[in-house]
*Asks:* 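Dropping a structure here in structure tokens format, bear with me for questions.
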Amino acid sequence: MRGISKLRGLLLAGAVLGSFPVAAAEYTIASVKALTGPLAFVGVPEANAVKMAVDELNASNYLGAGNSIKLVSNDDQNDRAQITTLLTRAAKVDNALIVLGGANSVLMIAVAPLLNDLQIPMISTAQTAAPLAASKWYLKVTASSELQVAPLAQYAIDKIKPQRLAAIWGRDNDGHINNMKAFMGPLAAKGFKPIAEETILISDTDFGALSTKIAAAKPDAVWLGANAAQAANLVIQLKQAGVSSNVVLFGTAGLGVDYLKVGGKAVENTYFSIDYNDQSTNPMNVRFAQNYQKRFNTPPDNWAAVGYSETMIAARAIKDSMPNPTREKVLDAIMKMKGADVVLGGGKWTQKADRIPEYGPAVMVVRNNKPVPAQ
Amino acid sequence: MMNLVYTYQPLFDYFLLAVGFAYSQQMVLRAGVFSIGSAGFASIGAYFVAIVVKDHGMNAIVALLIATLLGCVGGFLLSIPLARLRGVFQAIATLAFVQIVVSLCLYFDELTGGPQGFNNIPKLVGTWHLLAAVLVTIYFMYVISRSAIGRAFDALRQDETVGATLGISIRKYHMIAFVLSGALAGFFGGMQSLYTFSIEPEMFGFTFLVAALTYIILGGRGTVTGPIIGALIMSVLPELARPLADNRQFFQGILMMVMIAFMPHGVFDGLVLHLRKRRAAARDKLFKEAH
Amino acid sequence: MASLVLSNVSKRFGGLLAVSDVNMEVPPGKITGLIGPNGAGKTTVVNMITGLLKLTTGSIKLGDRDISEAEAHEVAFAGVSRTFQNIRLLPEATVLENVVIGFHVHVRSSLFAQLVGLPSSVRETPKLFERGRQLLERFGMSRYADHPAGGLAYGHQRRVEMMRAVATDPKILLLDEPVAGMNDVEATELGDVFKELAASGIGLLLIEHNIRFVNQLCEQVYVLDSGAMIASGTPQEVMHNPAVVAAYLGTKK
Amino acid sequence: MIAQQLVNGIVTGSVYALFALGFTLIFGTFKILNLAHAGVFMSGAFIGYFAVLNGLPLWLALVLAMIGSGLISYIVELGAFATIRGSGQIEFGALISSIGANLCLMSLGQRLSNTKVLRFPFETFPVEFYEFGPVRFSFLQVIILLVVVVLLMAMMFYLYKTSFGRQIRAVSGNERVASLLGVNPGLVYFQTFFISGALAGVAGIMIGLSFNSIHFYMGEPYLLKAFVVVVLGGLGSVHGAVVAGMLLGIFQNLAVAYLPSALTETIIYGLLFVVLLVKPSGLFGSEGVQVGVARR
């Protein structure tokens, strides 16, 4: 049944492209991201970068002369009904080979079982590894942040040895909760017990009361379990409330460029692992940053880099499963992928057996508003 | 072609769920109770079913029945303190109730899974189950609306004092409305649990409540067809607006304003009223010509 | 049949004594009048009888039953029905539906039967609508059955309200200024309806300041001024009572 | 620390009050729950941001934000409420059309901000602190408090000492009668919505400045808080909203400091629920509360 529809899809594509050589084919990638609604700040830069990546790949005849990638990009408004509809459509109508999904891990967990029914691979950057357990068709583009936090925790134990560690995290976001556990767990095991544990909501902006409370506890280190802009604001308000300017800050890969931009001088001395480093001199990164700036009139952020990298991985998987790529082949290709070119971390993306990829993120520290490798 | 139909199947499923919640919301509004507590009962039903079916292996039908009962009890309990309040005050009190349920679901994360939600719920409900549930609900809504209860609700909504002086016990009928509304919300909350693999606290928060209210006010408060139309509009609207890409929300917003401006009673109820007036006018004309 | 009896009924709003020490009887089968200038407290008395206001002192009895503290719907079940001074119809409902809601106290099917649609409830509804049509017929309103009640002419709205009150099959019917805004022809027409109702055994209380109308219909008239009962008796007695002339008619000029 | 938390509470509370004031003004006069108030609040922050970004001084940005969001609020009135006035369905209809209007405003905000969280440039406002014993004040906090107090006094004066207050009450009582008495209802609607919007706009810019975050979704949490504030203060009561705003601010700060923070919302909404049951008219509500039919 599916074989037939696949065949029909190819015939249809052939009919549309009737004037081209017979070998020419279109391979569809579907992008299902939140372009409106509260998570649009993630979805829009991702979708922008996806579009740019597809155009670049097609311009360079990445899949071979005459072949091209067709992008179907849709807005799910971070809404269950819509994402379910769009995934079904991607699989059954657009005959997409792979879906580039959204960043909301709760939603990804919710729709992962649907991927089993539809038998279509989806790759996205959910904040936790949890969706992996729900479906073999779900893949992660970024390393799960819990795992990125582990080297950071080790670094803190070995080098910083915080005596008065305060932890703050978003209590209504599972990613923040898991990251906090991944960080505080190893430290507590080594005897570095927190002197304060506070929670916030991801919609909070006013940390006046919290900051005053934390400042009164006189911490020498703070764990920031928050998104980039929110974490930066938190730091600014902490310092305004009287937290020492020498305080050491810890955070996750999520912090990235926005954190530095919003936080300015206040976020010096932040230790974090990083997904996208806008200071990277890797030629692909440089080209990506220039092209993105030119096309969208704003420098790329973490999310844009994720979207771009997803597309690179998806395209590479299609290429690896030529000729006649199928969804199973694409999934296999990603499962076996080694050293794919991306703009994350060190620039080379490798899938691992536990389906959590590696791309050489390292512990970085902010000095003069720039992330540099921590010594 | 068949594939295109398949594509819209999930949309149809969510539409059916929306109709269920819409009826829960309509039940109270129809009786003149401005409660927006349905979200809270749906949450209770959904979590109950999810937990007992997945963790304790309870039979799904039994679980759904208990969820319905929980909704009844919840509605009954909430109706007692709210009997004194009316209008916006009732709305805000029930909003507080919904927010309390959400924050408790976040707080007791060992039971509910907290913000990560309660996941890997077995999917035991499909389109046909939902369709059957909605059809049965429509039957009940129709029967109730044709019964003395329905007439009492209509009377209380339009003028409570008149209703009371005609022998309608406000307290009793408001309580009935709360109980029925809670039952529907609890039941469809449970259905949603068994349909969507996973639930999370915010699913039953402010957005849910605004959506349920929108279905009714847009569709109509006084008829059985109204909520179906309202849910249909709100389910199809995002799809219709899809080609507008970035401007989707703007378009949705404008359309909501326009519809309410032209049909302040709701699209369907407005239509019924309009037809009634036209028919009355036509009959008047005939009568005058005859005399 | 039972009389409605008010004994020493008073009502205080904050510091203001709106009604003081009213004694009154509405016997069955007769039309009793309650007159008085605007603001005399007539509607307050009606609201106390129908369960919308608390009594400060005194008691109200319907036959042997004390309804001083009964809730509005209990008063209706006990057999007291009313119309409102400023007509209150259910505006979205049709004329027929407005009347049918008046049958609420006669509904016999159980709540359960209504909820699940048992035959007892399903069959009852068309019967009540049929009774509603008969009532419309009796009041000459059949052709308006399916009109939205909100859109009717004033006089017709009054009739609908009255039909609705009659539909409850009351022992006592309280009519709060039923002919206000009607011309003499319409009022006389309605007066005949009242007589018919009284003849069927209902006790009518006619609250009016149109004295002429009251005098035509009532055997017993009570006069209220500034919350106090200043006179009672036959229309002739009351008309010649100097207190009434001074307080009531005096203010009329 | 408690002194410091009180100070923090009063400052955030005063911004809540500012936000809730416009909301309660519209409710008190026209019985409309204006959910688009969140969008107007966001617009104020956006206008302020773009003004500063284009090199205008902060005070001018504040004035522009006030005028701009006042006008936007009036546009909401024209588009969402004027259309259904007189239909008898305003209580319910206004909810839907104000949700619609809010969607439109948020959609515009999303486009303007390119979905990003915006922030004022670093030197927009001097970061200075004053210490009085154990209490730290920032210059910004002082300014916020000052602006709020001045605006509140101006508004109280306008509402209670000029004929405008009477006109508002006349129009909200009965528009037809009011216009017979020579009151121009159109003008009253304009002024009420303009004032409501201007106050929200100032609140938006204040929030944007103090918490360094301007976002097209910034309104919703404040809207939920506004519900709490207006109920505590009494729906429609102006000074009630002010006092309740302060109380909520202080309560929130103390709750964060002394209670498990995860239960803050449960406690706040629990409190709201209890107040509604015990005293539905709120702390200062004089407006007639809708209650059920019963002997009273």
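Letters A, B, ... mirror the listed sequences (proteins, then strands); counts begin at 1.
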*Asks:* Pick one of side chain, backbone, both or neither for D/Leu33, based on which atoms fall under 4.5 Å of a heavy atom in chain B.
*Replies:*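 Side chain only.
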
*Asks:* With rounding to the nearest 0.5 Å, note down the distance linking CZ in B/Arg151 to CD1 in B/Ile149.
*Replies:* 10.0 Å

*Asks:* Highest number of heavy-atom pairs under 4.5 Å with chain D: which of B/Met256, B/Met263, B/Met259?
*Replies:*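 Result: the option with the highest number of such pairs is B/Met256.
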
*Asks:* Let's test your reading of the structure: which of B/Leu104, B/Leu213, B/Leu95, B/Ile92 forms the most heavy-atom pairs below 4.5 Å with chain D?
*Replies:*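 Going by pairs under 4.5 Å, I would pick B/Ile92.
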
*Asks:* Assess the pair B/Phe178 and B/Phe41: is the distance between their ring centroids shorter than 6.0 Å?
*Replies:*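 Ring centres of B/Phe41 and B/Phe178 not closer than 6.0 Å.
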
*Asks:* Below 4.5 Å, heavy-atom pairs only: which of D/Met106, D/Gln110, D/Glu220 has the largest tally toward chain B?
*Replies:*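 Top count of heavy-atom pairs under 4.5 Å with chain B: D/Glu220.
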
*Asks:* Against chain B, label D/Val278 side chain, backbone, both or neither, depending on which of its atoms sit under 4.5 Å from a heavy atom there.
*Replies:*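 Just the backbone, heavy atoms under 4.5 Å.
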
*Asks:* Go through D/Leu108, D/Val231, D/Leu224, D/Leu35 and name the one with the most non-hydrogen pairs under 4.5 angstrom from chain B.
*Replies:*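 Highest number of heavy-atom pairs under 4.5 Å: D/Leu224.
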
*Asks:* Side chain, backbone, both or neither: which part of B/Leu255 has a non-hydrogen atom closer than 4.5 Å to chain D?
*Replies:* neither

*Asks:* Mark yes or no: D/Lys225 above the aromatic ring of D/Phe227, with NZ or CZ under 6.0 Å from the six-membered ring centre and no more than 45 degrees from the axis.
*Replies:* no

*Asks:* Decide if the gap between the ring center of D/Tyr222 and the ring center of D/His37 is smaller than 6.0 angstrom.
*Replies:* no

*Asks:* Heavy-atom cut-off 4.5 Å, strictly under: side chain, backbone, both or neither for B/Phe262 against chain D?
*Replies:* neither

*Asks:* Heavy-atom distance under 4.5 Å to chain D: side chain of B/Phe34, backbone, both or neither?
*Replies:*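 Looking at B/Phe34, just its side chain touches chain D.
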
*Asks:* So for B/Arg221, is it side chain, backbone, both, or neither that comes closer than 4.5 Å to the heavy atoms of chain D?
*Replies:*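 Answer is side chain: those atoms of B/Arg221 sit under 4.5 Å from chain D.
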
*Asks:* For D/Phe30 and D/Tyr189, I'd like to know if the aromatic rings sit close, meaning centre-to-centre distance below 6.0 Å.
*Replies:*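 For D/Phe30 and D/Tyr189, the ring centres are under 6.0 Å apart.
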
*Asks:* Where does D/Leu277 contact chain B at under 4.5 Å (heavy atoms): side chain, backbone, both or neither?
*Replies:*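 When you check distances to chain B, atoms from both the backbone and side chain of D/Leu277 fall under 4.5 Å.
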
*Asks:* Report the option among B/Phe97, B/Phe206, B/Phe251 that has the most heavy-atom pairs separated by less than 4.5 Å from atoms of chain D.
*Replies:*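 Heavy-atom pair counts peak at B/Phe206.
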
*Asks:* Given 3.5 Å as the limit, does a donor-acceptor pair link the side chain of B/Thr112 with the main chain of B/Cys105, or not?
*Replies:* yes

*Asks:* Establish, yes or no, whether a centroid distance under 6.0 Å links the rings of D/Phe19 and D/Phe41.
*Replies:*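 Ring-ring flag for D/Phe19/D/Phe41: true, centres closer than 6.0 Å.
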
*Asks:* Does any heavy atom of chain B fall under 4.5 Å from the side chain of D/Leu105, the backbone, both, or neither of them?
*Replies:*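 Neither part, no heavy atoms under 4.5 Å.
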
*Asks:* Between B/Leu218, B/Val258, B/Ile217, which has the largest tally of heavy atom pairs under 4.5 Å with chain D?
*Replies:*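 Option with the greatest count: B/Ile217.
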
*Asks:* Distance-only, no hydrogens or angles: does the D/Ser196 side chain make a donor-acceptor pair with backbone N or O of D/Thr192 under 3.5 Å?
*Replies:*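 Not a single qualifying donor-acceptor pair exists.
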
*Asks:* Would you say the side-chain atoms of D/Ser107 pair up with the backbone N or O of D/Leu103, donor to acceptor, closer than 3.5 Å?
*Replies:*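 Side chain of D/Ser107 to backbone of D/Leu103, a donor-acceptor pair under 3.5 Å: no, none is there.
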
*Asks:* Does the gap between the ring centers of D/Tyr74 and D/Phe193 come in under 6.0 Å?
*Replies:* no

*Asks:* Contact part of B/Leu29 toward chain D, heavy-atom cut-off under 4.5 Å: side chain, backbone, both or neither?
*Replies:* side chain

